[in-house]
Amino acid sequence: MPFTPYHFGPSAFLGLTLRKWLDFPVFVLANVVVDIEVLFNHHWPVHRYFHTLLIGAAVGAVWGIAAYPLRRFFGKIMRILRIPYQTGFWKMVVSGVLGVWLHVIIDAIYHWDVRIFWPSKARPLWQLISQEQVKIVCIGFLVAAAVAYAFAVASYLKKKKQPV
């Protein structure tokens, strides 16, 4: 599912509900960063090393480190979105890794060519549920993310009203 909106439901929901421990923008964007591999790989299999837990962790860590200088920019975006935002270096690195892993797990269920436990050729998650069910679950998470967003905005506005 390269650059499809399906990954945004689960990542937005988890990123919003776990924002105390996860950097929301880094976590959500990690789900896009990992698909750079698919964008530039036009030969079968299209999901190769970035779509594994091992190499994916490195990709996510590099993304978290690369995103660190953008933390003030992310803070401005989060203020525009009215979402409370506090981050740190390790929070961003961990969010990058976990965001990539979430993407890899979803793709391992959906795509036959994802070898999540590379170098093993095992595909234990392939068709754990059908592709149609994956889409439905992801859309369900998008609805849940909208609810989580409403709670995040309410929290933001409540903090803004409190005297300092």
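- T87 OG1 to L70 CG: the interatomic distance, rounded to the nearest 0.5 Å, is 11.0 Å.
- Counting heavy-atom neighbours within 6.0 Å of Q131 CD, excluding the residue itself, gives a total above 12.
- To the nearest 0.5 angstrom, I116 atom CD1 is 5.0 Å from L125 atom CG.
- Remark: L81 CG to Y149 OH distance equals 5.0 Å, nearest 0.5 Å.
- Scanning both residues, I129 and V137, for their nearest heavy atoms gives CD1-CG2, 4.2 Å.
- Between P10 and I106 the shortest side-chain heavy-atom distance falls below 4.5 Å.
- Note: F74 CZ to D23 CG = 7.0 Å, rounded to the nearest 0.5 Å.
- Using a 30° and 60° split on the angle between ring planes, Y68 and F89 fall in the perpendicular class, above 60°.
- Rounded to the nearest 0.5 angstrom, F24 CZ and L29 CG are separated by 8.5 Å.
- A donor-acceptor contact closer than 3.5 angstrom is absent between the side chains of H51 and D113.
- Put simply, CZ on R115 and CG on L54 are 12.0 Å apart, with the number rounded to the nearest 0.5 Å.
- Scanning all heavy atoms of the two residues, the minimum distance from E37 to Y49 falls at OE2-N, 2.7 Å.
- Listed here is the closest heavy atom pair of F27 and S95: CD1-O, 3.5 Å.
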